[in-house]
Amino acid sequence: MTAPTTDTGLLRPHAEQAYAAELAALAAADDRPRPPSWQLSPAAVVTYLLGGVLPDGTAISPKYIGPRRLLEVAVSTLATDRALLLLGVPGTAKTWVSEHLAAAVSGDSTLLVQGTSGTAEEAIRYGWNYARLLAEGPSEAALVPSPVMTAMRAGKIARIEELTRIPSDVQDALITVLSEKTLPVPELGSEVQAAKGFTVIATANDRDRGVNDLSSALRRRFNTVVLPLPAGEDEEVAIVTRRVAELGAALELPPVPAAAEEIRRVVRVFRELRAGVTADGRTKLKSPSGTLSTAEAISVLTNGIALSAHFGDGVLRASDIAGAVLGSVIKDPVADAVVWTEYLEAVVRERPEWADFYRACREVSG
Ligand SMILES: Nc1ncnc2c1ncn2[C@@H]1O[C@H](COP(=O)(O)OP(=O)(O)O)[C@@H](O)[C@H]1O
Ligand SMILES: [Mg+2]
């Protein structure tokens, strides 16, 4: 499988760069009405995310694998005056979907605020170029706009990652922006009024502990869409297979055979530990403290392929992934090690077709 992306020579191109050809083909074929400032109609945005075939035969690759309805709700929210909050456990593609939505709707996914406990109000409102501020006093030229302000002026989507990690008082800077669609600049006696097309996509983990909850005033400004973990094993295998192939192509890793079986095995291990029960429903298991997300399965396999390509025999073997599987499962060295050992001895060992994996895991556990 080759990735349908444009080779930009960059390590990590933005979605609108990597999928420029697809976005252009969608725009050319799109005869439905587009909301103000949108690059595509809502239906074409959904096709961009879920994949499909255009009337002229151009194939659009699926970016997100999951329920269509969720994306329809998300995309139609962007066409209203409410902002969009993507909520879910880590690794459910919140960031990924947010980037692709911004790329498809605004043609620009880069107006991004990364939320952390250290995010300051300037990141959401504006800051100052202090040299100019001291030399000339407050002026339009001395003002340093935030990504949110830039998005308001341009009528584009601003993305806010990990909204609930931002301190509550800083989060509140968004209330005026989202309710009044203006950003006052009292130092200049002026304001920035949002152009049509401006909105915000925020992401938040519902697993985050000890973080700042959204105030109810802010929550009312958002429509929440919860991104679920993949429903079934086949669906998760499909997601991992596609992303591992795309990442391998982007990193120009040599193709490595036998990946299909290893992918299914890693996904099965992750799903069983996550669910606390074996796939056949017979054996109850303890779950480890980590999330064992789809995203982690993708990185375990990508690491395994690199290991096998460069240091193994070029075929993906259990020994290429055992170390990374262990690293994902055992986050807490004491409690998770117990969980893993039980799983290894009670489940992995009992599966004759997993003998190679059992041996490899025993070796890395030491
Ligand atoms: N349902 C899905 N469809 C497509 N890719 C997915 C899906 N779930 C997870 N992924 C992949 O997982 C990776 C990490 O997702 P990310 O957006 O960083 O997760 P989050 O922000 O929710 O923690 C991405 O490379 C994405 O492609
Ligand atoms: Mg994320």
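Here the structure is a predicted model, which means the values were calculated and not measured. Atoms considered below: every heavy atom in the structure, side chains included; atoms not considered: hydrogens, waters and symmetry mates. Indexing begins at 1, ligand by ligand and atom by atom, following the structure's order.
Close contacts between ligand 1 and I298 involve ligand atoms 11 (C), 12 (O) [criterion: under 4.0 Å to a heavy atom]. Short contacts between ligand 1 and P90, defined as distances under 4.0 Å to a heavy atom of the residue, involve ligand atoms 23 (O). For ligand 1, the atoms closer than 4.0 angstrom to any heavy atom of A295 are 12 (O), 13 (C), 14 (C). Each of the following atoms of ligand 1 lies closer than 4.0 Å to a heavy atom of T95: 17 (O), 21 (O). Under a 4.0 Å criterion applied to the non-hydrogen atoms of Y64, ligand 1 contributes the atoms 1 (N), 2 (C), 3 (N), 4 (C). The I65 neighbourhood of ligand 1 comprises atoms 1 (N), 2 (C), 3 (N), 4 (C), with distances under 4.0 Å to a heavy atom of that residue.
A side-chain N or O of T278 and one of D280 form a donor-acceptor pair less than 3.5 Å apart. With 3.5 Å as the limit, one finds a donor-acceptor pair spanning the side chains of S61 and E22. Side-chain contact of E187 with Y126: a donor-acceptor pair under 3.5 Å is present, judged by distance alone.
Nearest heavy-atom pair across S287 and R274 is OG-O, 3.3 Å.
When A238, P230, A93 are ranked by how near their heavy atoms come to atom 19 (O) of ligand 1, first place goes to A93. For atom 9 (C) of ligand 1, the candidate residues are A204, S98, G91; the nearest heavy-atom contact is made by G91. In this comparison of R243, H100, E236, the heavy atom closest to atom 25 (O) of ligand 1 sits on R243.
Residue-ligand proximity: E161 is placed with every non-hydrogen atom at 4.0 Å or more from ligand 1.
Between E353 and R268 there is no salt bridge, since no side-chain N of the basic residue sits under 4.0 Å from a carboxylate O of the acidic one. The residues R265 and E261 are annotated as not salt-bridged, no charged nitrogen and carboxylate oxygen being separated by less than 4.0 angstrom.
Within the 3.5 Å criterion, the main-chain N or O of R317 finds a donor-acceptor partner in the side chain of D320. A donor-acceptor pair under 3.5 Å is formed between the side chain of T150 and the backbone N or O of S146. A donor-acceptor pair is defined here as one N or O able to donate and one able to accept, closer than 3.5 Å; such a pair exists between the side chain of S37 and the backbone of K196.
Counting protein heavy atoms only, atom 5 (N) of ligand 1 is closest to I239 CG2, 3.5 Å. Protein heavy atom closest to atom 17 (O) of ligand 1, with residue, atom name and distance, is W96 N, 2.9 Å. Among all non-hydrogen protein atoms, the one lying nearest atom 4 (C) of ligand 1 is K63 O, 3.2 Å.
The distance cut-off of 2.8 Å around the Mg ion (ligand 2) captures these protein N, O or S atoms, sorted by chain and number: T95 OG1.
When only interatomic distances are considered, the shortest N/O to N/O separation between N205 and ligand 1 does not fall below 3.5 Å. Taking only nitrogen or oxygen atoms, main chain and side chain alike, T294 does not reach within less than 3.5 Å of ligand 1.
Ring-plane geometry between Y19 and H100 is classed as perpendicular, the angle between the planes exceeding 60 degrees on a 0 to 90 degree scale with a lower cut at 30.
Within 6.0 Å of atom NZ in K286, 12 or fewer heavy atoms from other residues, nucleotides or ligands are found, so the atom counts as exposed in its surroundings. Counting non-hydrogen atoms of neighbouring residues, nucleotides and ligands closer than 6.0 angstrom, the CG atom of L11 reaches no more than 12 such neighbours.
Neither the backbone nor the side chain of R242 comes within 4.0 Å of ligand 1, counting heavy atoms alone. Counting heavy atoms under 4.0 Å from ligand 1, residue K94 touches it through both backbone and side chain.
Looking at Y130 and V144, their side chains never come closer than 4.5 Å, going by heavy atoms from C-beta outward.
When the side chains of ILVMFWY residues are joined at heavy-atom separations under 4.5 Å, either directly or via intervening members, L111 and F222 end up in two distinct hydrophobic clusters.
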